[in-house]
Amino acid sequence: MDRLIIALAAAAALAGCTAAGGGVSDAGGPRVGDETDGGGEAPGEDAAAGDDLGLTPDEGPMEADASLGADLGAAPIDDAALPGTDASTPPVDATADAAPVVEGDAGPAPAPSSCKDGVTLNETFPVDPAGPFGQLYVHAAFDGDGVWLAYSRPTPDADFDVWLARVDCAGQVTDRQQVTDDVPPNEIDPSIAVGPESVLVVWTADAPDDQPSNLSIRQRLYDRQARPLGPSRRLDLTTPNGATFVGNAWRTHAIAHEDGFWVTGTRGAEGAGAFQVFVQHLDRAGAPDGPTIDVAPAPDTTQWDPVVELSDQGDLWVAWIDGFGTGLARLARRPAGAATFEPAVELAPGTAGAPTIAADGAVYAAAYREAAPGIDIVLRAVDGGATVVLGAANQRDLLPTLAPGAIAWQRQQAGVQYSLWAQRLAPGPAPAGAAVQIPTGDPAGPANPGLVRVGERAWLVLWSEGPRSPNFKLFGRFVSL
């Protein structure tokens with residue numbers, strides 16, 4: 001295989017992926033956003049990417065090499081060229097107080113939900129300034145006093161490890177540490193969830209020499225003071241007949257709730273020719289609690305990039321795409337108390353690319369879709385109702401990420417140059433006010449945005465940028481929308 005196993009994941013996160021299926025007619029609904037010219041053409045993702053990588057869900061190792069990692073070993077770049085808290089940078093909201101006290105945050109996880117000392121707005125800060133270039137795939141969760149981050153960072157050998165950090169509401173980063181302690185060659189694409197007593201990190205590990213399969217989802221539990229509660233280990237999954245699952249599994253996402261954690265991912269299903277989405281419940285100690293549940297078995301269709309959310313009523317929702325990297329976005333619900341999921345439905349006609357999901361009273365989901373000559377962000381409540389189209393006409397708006405009360409996305413300008421946007425949402429969902437551009441600095445990126453709410457009108461926006469792709473570092477900025 002000519003590329004590292006993570007190349008597809010990197011391409012999906014960093015490239016403006018063209019939605020499958022060509023132009024799709026607008027489904028209506030309000031549109032908000034900036035109308036300035038974007039220019040450029042999305043590089044697109046090769047529809048045959050999965051074939052090029054030689055990936056199959058079959059048991060047995062999948063070969064990898066370090067060709068992508070070699071790109072990360074480029075000549076050193078001066079860190080001083082990276083953005084900091086430049087006073088000349090225009091604020092996102094010039095009318096906002098410097099440190100407002102924020103209100104409570106609703107959601108299924110029981111963690112407290114206000115920053116007691118307020119939030120320092122409109123100052124960009126580096127997450128890992130002394131770390132190497134190639135910082136990607138950030139995921140965040142709020143604990144009431146600050147934000148927990150999990151992200152991928154290159155090793156000296158041009159592989160990847162998963163790292164953990166915590167950001168207080170003044171933008172100070174603490175508790176930075178490596179999560180992965182057994183160090184297979186590549187560990188990427190983490191997700192983090194904060195429960196009432198502990199913090200769960202899950203990620204994909206690629207160990208080419210492992211038998212009978214090299215791709216696995218791994219987990220590690222921490223206490224609320226960022227101390228590890230034991231070593232990292234493989235996420236235990238079961239097959240439909242109750243046996244231990246030993247095949248390939250990856251592309252994971254986790255959420256917390258009062259009784260533990262829900263983890264989703266995609267795995268090679270026995271007898272299937274494609275990866276299939278699953279969910280697994282863990283108790284508060286991170287141990288498996290019940291069998292692994294297949295969400296929407298479709299043996300001939302690869303299911304990709306799943307995300308999971310829990311409604312206030314206890315319904316479990318999963319969104320994913322049918323296809324390797326791009327494809328039709330789908331949703332499925334497991335009603336509270338049910339053993340299985342209801343039949344899957346389209347998120348919205350023509351939606352593609354990695355979906356995103358969040359609970360804010362109702363559960364909302366979003367993805368992007370072709371709207372030639374541009375690409376739209378499409379948002380809806382998962383239990384029905386009208387779709388909402390976000391972004392700007394004729395622009396290429398990609399990779400949305402939802403948090404309670406807001407959504408962020410990147411807009412392609414040219415090649416790997418993007419602008420970063422955020423939009424406050426009202427119940428319904430409906431846009432509340434105008435979309436705003438988040439100030440960023442370097443020419444490559446911003447890419448792979450993250451978003452987490454820290455109060456009633458305050459969010460932390462996260463992104464990767466750098467002097468050129470993939471020489472990225474992570475940055476954050478608290479904003480009021």
TODO: Could you walk me through whether T292 and Q280 pass the side chain to side chain donor-acceptor pair (under 3.5 Å) test, one step at a time?
DONE: CA-CA 5 Å; T292 305; Q280 175 67 56; 2.5 Å; yes

Task: Verdict with supporting geometry, R411 and Q437, side-chain contact (heavy atoms from CB on, under 4.5 Å) - done: CA-CA 10 Å; R411 175 175 297 164; Q437 184 173 355; over 6 Å; no

TODO: Start with the C-alpha distance between T440 and F475, add both sets of side-chain angles, then the distance that settles side-chain contact (heavy atoms from CB on, under 4.5 Å), and finish with yes or no.
DONE: CA-CA 9 Å; T440 58; F475 295 89; over 6 Å; no

- [ ] Might you point out which heavy atoms bring I321 and A352 nearest each other, and give the distance in Å?
- [x] CG2-C, 4.3 Å

Open item on the list: Testing the basics here: between A344 and R330, what is the closest heavy-atom pair and its distance to 0.1 Å?
Closed with: CB-CD, 4.4 Å

Open item on the list: Are Y151 and L136 packed together at the side-chain level, in the sense that at least one heavy-atom pair is separated by less than 4.5 angstrom?
Closed with: no

Task: Presence of salt bridge, D305 and R251, under 4.0 angstrom - done: yes

Open item on the list: Any side-chain to backbone donor/acceptor pair from T204 onto D189? Under 3.5 Å, distance only.
Closed with: no

Open item on the list: Determine whether a donor-acceptor pair (N or O, by modelled atom type, separation under 3.5 Å) exists between the side chain of Q303 and the backbone of V277.
Closed with: yes

- [ ] Starting at CD1 of I192, measure out to CZ of R166 and round the result to the nearest 0.5 Å.
- [x] 10.5 Å

TODO: Apply side-chain contact (heavy atoms from CB on, under 4.5 Å) to the pair D397 and Y368, showing each step before the final yes or no.
DONE: CA-CA 7 Å; D397 293 314; Y368 62 82; over 6 Å; no

Open item on the list: Within this structure, what is the SG-CZ distance for the pair C169 and F142, rounded to the nearest 0.5 Å?
Closed with: 5.0 Å

Open item on the list: Any side-chain to backbone donor/acceptor pair from Q395 onto G374? Under 3.5 Å, distance only.
Closed with: no

- [ ] Measure the CH2-CG distance between W421 and L398 for me, rounded to the nearest 0.5 Å.
- [x] 14.0 Å

Task: D383 side, atom CG; R333 side, atom CZ - distance, nearest 0.5 Å - done: 8.0 Å

- [ ] Check the pair R224 / V194 against side-chain contact (heavy atoms from CB on, under 4.5 Å), numbers first and verdict last.
- [x] CA-CA 8 Å; R224 296 285 291 264; V194 177; 3.8 Å; yes

Task: Heavy-atom pair with the smallest gap, counting every atom of H257 and L310 - done: CB-CD2, 3.7 Å

- [ ] For the pair Q178 (side chain) and T180 (backbone), establish whether a donor and an acceptor sit closer than 3.5 Å, ignoring hydrogens and angles.
- [x] yes

- [ ] Could you grab the distance from atom CG of L331 to atom CD of E309, nearest 0.5 Å is fine?
- [x] 12.0 Å

- [ ] Check for a donor-acceptor pair, side chain of Q219 on one end and backbone N or O of R233 on the other, with a separation under 3.5 Å.
- [x] no

- [ ] Side-chain contact test, heavy atoms from C-beta onward, threshold under 4.5 Å: evaluate it for V308 versus L316 and give yes or no.
- [x] yes

Open item on the list: Closer than 3.5 angstrom, by distance alone: can the side chain of N248 be matched with the main-chain N or O of L215 as a donor-acceptor pair?
Closed with: yes

Task: Exam field: side chain E187 to backbone A207, donor-acceptor pair closer than 3.5 Å - done: no

Task: Note, V461 side chain near L451 side chain (heavy atom, < 4.5 Å) - done: yes

Task: Considering all heavy atoms, the nearest A366-L379 contact - done: CB-CD1, 4.0 Å

Task: Sidechain-backbone polar pair: R234 side chain, D236 backbone, donor-acceptor under 3.5 Å - done: no

- [ ] From the options D161, D128, V127, select the one residue that forms a side chain to side chain contact (heavy atoms under 4.5 Å, CB included) with R153.
- [x] D128

Task: Closest non-hydrogen atom pair, A381 against Y364 - done: CA-CD2, 3.6 Å

Open item on the list: Between S191 (side chain only) and A254 (backbone N and O only), is there a donor and an acceptor less than 3.5 Å apart?
Closed with: yes

Task: H253 side chain to T264 side chain, donor-acceptor N/O pair below 3.5 angstrom - done: no

Open item on the list: So does N122 get a backbone contact from the side chain of R477, meaning a donor-acceptor N/O pair under 3.5 Å?
Closed with: yes

TODO: Look up atom CG in L390 and atom CG in D376, then write down how far apart they are to the nearest 0.5 Å.
DONE: 9.0 Å

- [ ] Would you indicate whether the side-chain heavy atoms of V167 and F478 approach each other to under 4.5 Å?
- [x] yes

Task: Test item: L229 and S198 side chains (from C-beta on) under 4.5 Å apart, heavy atoms - done: yes

Open item on the list: With heavy-atom distances below 4.5 Å as the criterion, would you say the side chains of I188 and W203 are in contact?
Closed with: no

Task: Side-chain heavy-atom pair R453, W459 within 4.5 angstrom cut-off - done: yes

- [ ] Please examine the side chains of V162 and R218, heavy atoms only from C-beta on, and report whether any two atoms are closer than 4.5 Å.
- [x] no

Task: Non-hydrogen atoms of A422 and I438 that approach each other most closely - done: CB-CD1, 4.1 Å

Task: Test salt bridge (charged side-chain N to carboxylate O under 4.0 Å, His left out) applied to D294 - qualifying residues, sequence neighbours left out - done: R267

